[in-house]
*Asks:* 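Sharing a structure here in structure tokens format.
Whatever order the structure lists them in is the order used to number ligands and atoms, beginning at 1.
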Amino acid sequence: MAKEKLGLNTICTHTGEIKDEQFKGAVSPIYMSTSYQFEDVDVKRYPRYFNTPNQEFLSKKIAALEHTEAAMIFGSGMAAVSTTFLAFLKTGDHLVVQNPLYGGTSNFIREELPKYGIEFTFTDGYQVSDFEKAIQPNTKLIHIETPSNPLMTITDIKGVAALAKSKQIITTIDNTFASPIIQNPIDLGMDIVIHSATKYMGGHSDILAGAVAASQEHITTIWNVGKNLGGSLSDFMVWMLERSMKTMALRVKAQSKNAKKLAKYLEKHPDVKHVYYPGLKSHPEHKLAKSQMNRFGGMMSFELTDNLNASNFLKALSLIKPSMSLAGVESTMLLPTLTSHALLSAEERAKLGINDGLIRFSVGIESKKDLINDIENAFSQIK
Ligand SMILES: *Cc1c(COP(=O)(O)O)cnc(C)c1O
């Protein structure tokens with residue numbers, strides 16, 4: 001069977017599995033060796049070279065899901081981001097990066113890139129024209145994130161990719177919030193796709209990992225830097241990630257379906273001022289989202305009416321966990337003002353539209369009626 005004919009669930013379950021020739025087990029064996037034979041072999045394997053059997057084979061699954069030639073697995077999403085940026089930027093180069101942006105990526109750029117003499121510009125907004133304005137003669141890389149955290153803004157992937165191509169600038173996208181099940185940026189012209197695999201790829205809130213997918217040429221460029229920076233993932237966790245990814249399409253579809261229903265329910269709720277979800281017709285980029293995503297994902301944010309306290313609301317929940325991070329099979333909520341965006345000033349937050357009543361909601365796979373009951377109970381307790 002030709003590889004490109006395989007369906008999503010088949011790729012998730014089977015692509016990149018390692019055949020257990022010795023015992024004929026049903027799942028990939030795990031190879032924990034940090035030491036491999038160096039003579040008379042095709043590949044000199046070492047975990048920091050991203051090429052142990054488990055690393056190499058799981059990369060095939062990720063490449064198949066993102067429609068690329070190659071992929072690499074990292075020890076965290078930030079290892080994937082930082083290694084990729086440092087692979088394509090050197091002293092005197094300029095990076096254009098989207099605002100709003102994931103906090104960790106933003107911190108890496110602001111705190112580390114100046115040490116290397118790498119210049120950067122955060123865009124004023126997420127329209128293609130904002131990127132165009134930020135480009136300089138020494139711009140080498142444009143980085144976008146869509147949907148973004150926490151307001152779920154949607155960037156025109158095709159538009160930014162075309163702009164960058166016309167100026168021979170390489171493009172990277174953080175595809176964490178969508179996952180490869182929902183959005184394939186390579187098909188829209190992006191060069192490199194980055195994931196925090198801690199989120200939907202892992203999906204059970206128990207794996208810290210990252211991934212990058214791109215052409216073999218770009219992956220070789222990233223590998224050359226990655227082997228020096230040393231951000232690879234241990235084989236046990238690679239194996240765990242493979243196990244988790246078998247159910248990724250099932251999970252993400254269930255989370256998307258739940259999220260759409262909950263977004264509609266919250267939008268009609270008298271105690272909710274606004275819901276930010278690309279699947280709602282009221283979302284300003286709903287049409288754009290529909291054109292580049294095949295579902296709208298499990299992430300949303302909503303804002304309580306001014307008379308209600310968001311901290312008290314979170315404390316009043318019993319099923320939905322108030323907790324950091326996202327994309328697990330269990331539903332979680334957090335307050336961006338106290339977590340992801342705590343380091344920004346109140347003024348900077350206001351400019352982004354992030355205020356005290358805003359709650360970010362990572363929708364899990366629980367039964368919809370139980371999630372709604374939990375939310376209703378919380379509202380009645382705090383009023
Ligand atoms: C979590 C996250 C990251 C960073 O990933 P880690 O695995 O925590 O290092 C990067 N981008 C986005 C959008 C994220 O949500």
*Asks:* Answer yes or no on whether K90 is positioned over the face of F85, meaning its NZ or CZ is under 6.0 Å from the six-membered ring centre and within 45° of the axis.
*Replies:* no
*Asks:* Sequence neighbours excluded, which residues qualify as ring-ring contact (aromatic ring centres under 6.0 Å, His included) partners of Y276?
*Replies:* H274
*Asks:* F236: what forms a ring-ring contact (aromatic ring centres under 6.0 Å, His included) with it, not counting sequence neighbours?
*Replies:* none
*Asks:* Is the F361 to Y277 ring centre distance short of 6.0 Å?
*Replies:* no
*Asks:* Suppose the criterion is salt bridge (charged side-chain N to carboxylate O under 4.0 Å, His left out): which pairs have a residue in residues 330-339, not counting sequence neighbours?
*Replies:* none
*Asks:* Checking R45 against Y31: charged group under 6.0 Å from the ring centre and within 45 degrees of the axis?
*Replies:* no
*Asks:* Distances for all N or O pairs of ligand 1 and the protein under 3.5 Å?
*Replies:*
unit_1	atom_1	unit_2	atom_2	d
ligand 1	5 (O)	S196	OG	2.9
ligand 1	7 (O)	G77	N	2.9
ligand 1	7 (O)	S196	OG	2.8
ligand 1	7 (O)	T198	OG1	2.6
ligand 1	9 (O)	G77	N	3.0
ligand 1	9 (O)	M78	N	2.8
ligand 1	11 (N)	D174	OD2	2.6
ligand 1	15 (O)	K199	NZ	2.7

